[in-house]
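Data first, discussion second: the structure below is written as structure tokens.
Counting begins at 1 with the first residue of the sequence. Atoms within a ligand are numbered from 1 in the order they appear, just like the ligands themselves.
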Amino acid sequence: MPAFDTIDDLLADSRVLVRLDLNSPIEDGSPQDNRRFERHAETVRELADAGHRVVLMAHQGRPGRDDFTSLAGHAAILADHVDRDVAFVADTDGEEALEAIDALGAGEVLLLENTRMCEDELPEAEPEEKAETEFVRTLAPHFDAYVNDAYSAAHRKHASLVGFPLVLPAYAGRVMETEYEANTAIATREFDGPVTMVVGGTKATDVIGVMDALDDRVDRFLLGGVAGELFLRAAGHPVGSDVGGMDLFDEQWERNRELIESVLDERGDAIHLASDLAYEGPDGERAEVAVDDIAEKTEGYLDVGSATVADYEPLIRESDAVFVKGALGVFEDERFADGTVGALAAIAETDCFSVVGGGDTSRAIEMYGLSEDDFSHVSIAGGAYIRALTGEPLPAVEVLEAAARRAED
Ligand SMILES: Nc1ncnc2c1ncn2[C@@H]1O[C@H](COP(=O)(O)OP(=O)(O)O)[C@@H](O)[C@H]1O
Ligand SMILES: O=C(OP(=O)(O)O)[C@H](O)COP(=O)(O)O
């Protein structure tokens, strides 16, 4: 059980400052709707329905990057999901923001400007230091309580995440609660049958770290994607190097080579590697080759092959728990979706505890007509999910727990 208080513990008629994570893909300057809006809308609706005055903080991108924009567009998308007005003020903590906050009525919702436009938000520092910033000292007196729903940003020590819980009674929102529970399950829950982890995607460095950390909690790892090719390379197959314009493999290989070799050496019996791979054939069609028949690296491999999918499916079906981190292939291209969709469909059809993490991989669920309801949890977190799996503490969760201990004393 998490040791933080939740919005069930809020006093009636509170003025609440709520941190969401609405960080989204930006296309042509506009935020794109995604699961984060839908999930956070549940917390916002519940708070507003209860009659609290609800002020929202969130970030988008980082200064200097293309996706660093105003949250005006986010307010409109969120309003659609919450099904009520979400007012927006283009200010984080100045006069305009404070006036809008103080004018808010019971059950009304206001979104403040991108927190990262306030210079106190970044960089990372200890919570005590962040609690002393002008940003926190200015806003906090206008509120009775702070709610953190931004699980997917909980690995960052930013003012809006770790500063406010030191100076206001602090609570977890619904997203924070459900993400915390599902993502820590691999470390905290006992399962009767095998625990399986599907490992793929492009961020091989992350997932190899997870494999190393989860050594004794996972019975078998089913590999694909870039990490899968790097393990095949360690096993002596001439794959997992950059060809053409790729730059996914060689740098990650250099960085992780020793760890891959030691994980393979120590847990080889638990690691399942692809027996065949798919690539783009001469006429643009999907072509497959057995890994044992690959004599030299001339192709960029974009999916695991059909024999591999047939090997992996029964292993998933007999599992008691399956955790997914990363796609088994380039599923965005239908020709190379078989591995990812095969694994996800097998999980969906199986009555196991299942968590699918990572923004990209979870997009495959709706792209290929699978139902989110057939998974125990589809996480909206990337970096925080990785840290939860490896048992690394999340600073924003730690300060919520500390706030709950203070409240008890
Ligand atoms: N063999 C491969 N080569 C290149 N890209 C791959 C390969 N396999 C999977 N991918 C890509 O990995 C992406 C997901 O990777 P990643 O970002 O690590 O996962 P997530 O965002 O879900 O955490 C997908 O968009 C997919 O196109
Ligand atoms: O989208 C986020 O993280 P993610 O890319 O790991 O899912 C969070 O909003 C954190 O954003 P940041 O990585 O710019 O600090």
Side-chain angles (χ1 to χ4, degrees), residues 19-26 31 34-36 40 58-65 67-68 74 114-116 121-124 149-158 160-161 175 179 198-208 210 223-232 239-249 252 274 277-280 299-305 308 323-341 343-344 355-365 367 378-389 394-396:
R19 177 57 154 99
L20 308 179
D21 185 359
L22 301 178
N23 197 29
S24 302
I26 301 289
N34 65 85
R35 271 196 185 80
R36 286 184 174 168
H40 285 301
H59 73 274
Q60 174 62 53
R62 277 177 185 250
R65 294 203 190 149
D67 63 349
F68 182 58
H74 299 65
N114 186 344
T115 52
R116 292 183 179 175
E121 172 69 348
L122 308 170
E124 291 197 289
D149 213 26
Y151 179 88
S152 46
H155 50 308
R156 306 294 186 211
K157 289 192 218 163
H158 297 154
S160 64
L161 294 155
V175 172
E179 288 277 351
V198 178
V199 175
T202 54
K203 294 165 207 145
T205 300
D206 283 354
V207 295
I208 293 160
V210 171
L223 270 84
V226 173
E229 281 194 53
L230 295 182
F231 272 82
L232 283 170
V239 298
S241 316
D242 292 320
V243 287
M246 278 193 190
D247 61 352
L248 282 170
F249 295 96
Q252 298 205 83
L277 294 170
Y279 60 97
E280 184 170 11
E299 300 293 341
Y301 297 103
L302 299 170
D303 195 9
V304 296
T308 305
F323 293 81
V324 180
K325 178 64 192 93
L328 294 184
V330 182
F331 67 84
E332 294 88 343
D333 182 331
E334 242 176 76
R335 295 170 300 169
F336 302 109
D338 294 8
T340 307
V341 176
L344 289 174
V355 182
V356 180
D360 285 329
T361 311
S362 55
R363 265 194 301 127
I365 293 173
M367 266 185 82
V378 176
S379 178
I380 55 171
Y385 177 62
I386 291 276
R387 282 170 179 77
L389 291 179
L394 297 171

(message) Within a 6.0 Å radius of atom CD on E334, are there more than 12 heavy atoms belonging to other residues, nucleotides or ligands?
(response) no
(message) Does the residue M246 have a heavy-atom contact with ligand 1, meaning some pair of atoms that are separated by less than 4.0 Å?
(response) no
(message) Measuring from non-hydrogen atoms of G382 to any atom of ligand 1, is the shortest distance under 4.0 Å?
(response) no
(request) For K325 and ligand 1, answer yes if some heavy atom of the residue is under 4.0 Å from a ligand atom, otherwise no. (result) yes
(message) List ligand 1 atoms under 4.0 Å from G201, heavy atoms only on the residue side.
(response) 12 (O), 14 (C), 15 (O), 16 (P), 18 (O)
(request) Write down the atom of L248, the atom of V226, and the distance for their closest heavy-atom approach. (result) O-CG1, 3.8 Å
(message) How far is atom 4 (C) of ligand 1 from the closest protein heavy atom, and which atom is that?
(response) L248 CD1, 3.5 Å
(request) Apply the side chain to side chain donor-acceptor pair (under 3.5 Å) test between Q252 and each candidate in D247, T205, D206, D242; give the one that qualifies. (result) T205
(request) Note the single closest protein heavy atom to atom 1 (N) of ligand 1, along with its residue, its atom name and the distance in Å. (result) Y301 O, 3.1 Å
(message) Heavy atoms only, cut-off 4.0 Å: how does D206 contact ligand 1, side chain, backbone, both, or neither?
(response) neither
(message) Restricting to ring-ring contact (aromatic ring centres under 6.0 Å, His included), what partner residues turn up for F336, sequence neighbours left out?
(response) none
(message) Can you work out which protein residues put a heavy atom within less than 4.0 Å of ligand 2?
(response) D21, N23, R36, H59, R62, R116, S152, R156, G382, G383
(message) Checking a contact table here: which protein heavy atom is nearest atom 11 (C) of ligand 1, and how many Å away?
(response) T202 CG2, 3.6 Å
(message) Show the atoms of ligand 1 that are less than 4.0 angstrom away from any heavy atom in E229.
(response) 1 (N)
(request) Kindly say whether L22 contributes a backbone atom to a donor-acceptor pair with the side chain of S24 at under 3.5 angstrom? (result) yes
(message) Tell me the protein heavy atom at minimum distance from atom 22 (O) of ligand 1, and give that distance in Å.
(response) T361 OG1, 2.5 Å
(message) Starting from atom 27 (O) of ligand 1, what is the nearest protein heavy atom, named by residue and atom, and what distance separates them?
(response) E332 OE1, 2.7 Å
(request) Find the distance between NE2 (H158) and CZ (R19) and round it off to the nearest 0.5 Å. (result) 8.5 Å
(request) Report the member of A204, G240, G329 with the shortest heavy-atom distance to atom 9 (C) of ligand 1. (result) G329
(message) If I compare all heavy atoms of T115 with all of S160, which pair ends up nearest, and what's the gap?
(response) CG2-CB, 4.1 Å
(message) Could you check whether D333 pairs with R335 (Lys NZ or Arg NE/NH1/NH2 to Asp/Glu carboxylate O, under 4.0 Å)?
(response) yes
(request) Write down the atom of F68, the atom of Q60, and the distance for their closest heavy-atom approach. (result) CD1-O, 3.3 Å
(message) If I compare all heavy atoms of S379 with all of G357, which pair ends up nearest, and what's the gap?
(response) CB-CA, 4.0 Å
(request) Determine whether the side chains of E121 and H59 contain a donor N or O and an acceptor N or O closer than 3.5 Å. (result) no
(request) Indicate yes or no: at least one non-hydrogen side-chain atom of F249 is less than 4.5 angstrom from one of V239. (result) no
(message) Looking only at protein heavy atoms, which one is nearest to atom 7 (C) of ligand 1, and what is the separation?
(response) V330 CG2, 3.8 Å
